[in-house]
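Below you'll find the structure, written out as structure tokens, and then a few comments.
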Amino acid sequence: MASLSSQPQFRYTQPPSKVLHLRNLPWECTEEELIELGKPFGKVVNTKCNVGANRNQAFIEFADLNQAIAMISYYASSSEPAQVRGKTVYLQYSNRQEIVNNKTTADIAGNVLLVTIEGQDARLVSIDVLHLVFSAFGFVHKITTFEKTAGFQALVQFSDAETATSAKNALDGRIIPRYLLSENISPCTLRITYSAHTDLSVKFQSHRSRDYTNPYLPVAPSAIDGSNQFNLGLDGKKLEPESNVLLASIENMQYAVTLDVLHMVFSAFGPVQKIAMFDKNGALQALIQYPDVQTAIVAKEALEGHCIYDGGFCKLHLSYSRHTDLSIKVNNDRSRDYTIPNPAMVNPQPSVLGQQPVQTMGHQYNGTQYAPGVQQQPTMPPQPSAGWGSSAVPPMPQPMMNNHNPYIPPASMPQMTPGMMQMPGQGGIPPFRPTYM
DNA sequence: AGCACA
């Protein structure tokens with residue numbers, strides 16, 4: 001007869017085992033949470049979580065069989081189900097007698113992440129896009145990309161395991177934000193584990209590898225001649241040589257764009273050293289100087305085509321300037337050197353020097369997006385919104401895990417990092433209104 | 001909501 005016992009995976013009773021199988025766990029359940037759950041019943045000697053296709057299953061191994069029996073028995077008769085983060089979890093004896101090989105290299109936290117980019121067009125994802133995505137969590141030292149049987153992969157090197165972990169926790173299983181990819185590219189999912197590497201060897205800057213700690217590393221010949229892929233963007237457009245100075249031109253300038261506004265907007269990505277504004281053919285342009293090329297790249301990629309004000313006003317167009325160091329003769333309403341101490345200056349910047357882009361998002365312009373018609377002060381332009389606003393942090397009474405990551409992984413899906421999901425208006429309060437006009 | 005070395 002086709003009894004239940006012919007389908008062992010659906011049996012209601014498993015023979016007892018020191019190992020318990022848990023299911024219906026929250027997506028990012030931690031080993032600590034599993035230990036907490038099992039602790040009242042005995043000594044948890046091993047755990048394995050995030051297993052199974054949906055990463056919502058786990059195992060707990062007790063030191064003693066009786067402890068496992070105690071836990072199963074307790075919840076079998078309890079009116080309160082076992083819970084993790086308020087979510088009911090279902091448990092039963094595992095059909096294995098022990099958890100095997102719990103810790104592989106992929107589980108041991110390190111400063112280098114192994115990133116697999118999944119998707120039809122995975123290999124069209126440029127190293128610059130990856131750099132942008134991972135820079136939200138801290139300074140990215142190096143990136144290498146390569147093709148393996150697993151698909152298109154990258155190694156991303158951070159300063160330390162903590163930073164790498166925050167990036168991994170936030171990005172694993174998520175897609176690369178759509179607005180970072182050109183429209184014809186299908187969604188790309190990131191799968192992230194730890195790599196055993198601690199320091200990547202990058203010999204050349206190329207379309208396959210970058211060392212951001214050494215921008216003067218020679219550019220690979222293969223990247224210069226012939227294919228010229230080094231200078232090709234995702235959409236195949238040719239890019240100007242990168243520079244630490246950005247040239248911004250402002251289109252549809254319904255509102256006065258002041259030096260302070262520009263400073264605020266561009267400071268979201270790192271310390272702004274100097275700004276010079278001028279008119280060119282009746283349109284406003286500005287040169288914005290960062291201490292390094294990397295910060296300028298991040299700012300350019302994030303801000304290009306976006307509007308300072310809601311409603312498509314003051315749309316930014318950015319290119320790399322030929323300048324590397326602006327000569328500011330005088331500090332006035334059109335030009336300023338922020339590297340010169342000035343007690344009268346508002347909005348001082350923490351001197352993180354591009355180390356932690358997210359850390360510089362501390363501007364509290366995260367409140368209302370002022371529509372052009374509803375200005376509070378008739379004479380004032382609407383409040384511009386700082387690039388990657390701190391408003392992205394979900395309003396959950398949750399302690400910061402560490403001091404340098406404003407990102408708190410949301411209990412439930414959609415957002416990625418501060419700003420990242422914010423910018424294209426995918427919920428929350430977008431710091432920058434993407435209008436793509 | 002259903003058993004893991006990739």
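In the text below, chain A, chain B and the rest are named by the order of the sequence lines, each starting its count at 1. The structure displayed is predicted, hence computed values, not measured ones.
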Can you find a donor-acceptor N/O pair under 3.5 angstrom joining the side chain of A:Gln57 to the base of B:dG2?
no
A:Tyr90 on top of B:dG2's base, within under 5.5 Å and under 30°?
no
Between B:dA4 (C1') and A:Ile99 (CD1): distance, integer Å
9 Å
Ring-face cation of A:Lys300 near A:Tyr320 (centre distance under 6.0 Å, axis angle within 45°):
yes
Write down the distance between CG (A:Asn46) and P (B:dC3), rounded to a whole number of angstrom.
19 Å
In whole angstroms, the gap separating P of B:dG2 from CG of A:Asn54 amounts to 7 Å
Polar side-chain atom of A:Asn111 near backbone of A:Phe158 as donor-acceptor pair, under 3.5 Å:
yes
Interatomic distance, A:Leu20 CG vs B:dA4 P [rounded to whole Å]:
16 Å
In whole Å, what is the span from the NE2 atom of A:His21 to the C1' atom of B:dA1?
9 Å
Any idea which of B:dA1, B:dC3, B:dA4 is nearest the A:Arg23 side chain?
B:dA1
Check salt bridge (charged side-chain N to carboxylate O under 4.0 Å, His left out) between A:Asp211 and all other residues, then give those that pass, not counting sequence neighbours.
none
Separation of B:dA6 atom C1' from A:Asn50 atom CG, nearest Å, is 14 Å
Atom pair distance, as rounded to whole Å: CD in A:Gln83 and P in B:dA1:
14 Å
For A:Arg96 and B:dA4, is the shortest distance between a side-chain N/O and OP1 or OP2 below 4.0 Å?
yes
Please identify each residue that fulfils ring pair (Phe, Tyr, Trp, His ring centres under 6.0 Å) with A:Tyr74, with sequence neighbours left out.
A:Phe41
Classify the angle between the aromatic ring planes of A:His21 and A:Phe59 as parallel (below 30°), tilted (30 to 60°) or perpendicular (above 60°).
tilted
Classify the nucleic acid contact of A:Glu61 as base, sugar-phosphate or nothing, counting any heavy atom under 4.0 Å across all strands shown.
nothing
Rounded to the nearest angstrom, tell me the gap between atom CG in A:Leu22 and atom C1' in B:dC3.
11 Å
Assign each of A:Gly52 and A:Lys87 to its nearest nucleotide of DNA chain B by heavy atoms, then name whichever residue's nucleotide is nearer the 5' end.
A:Lys87
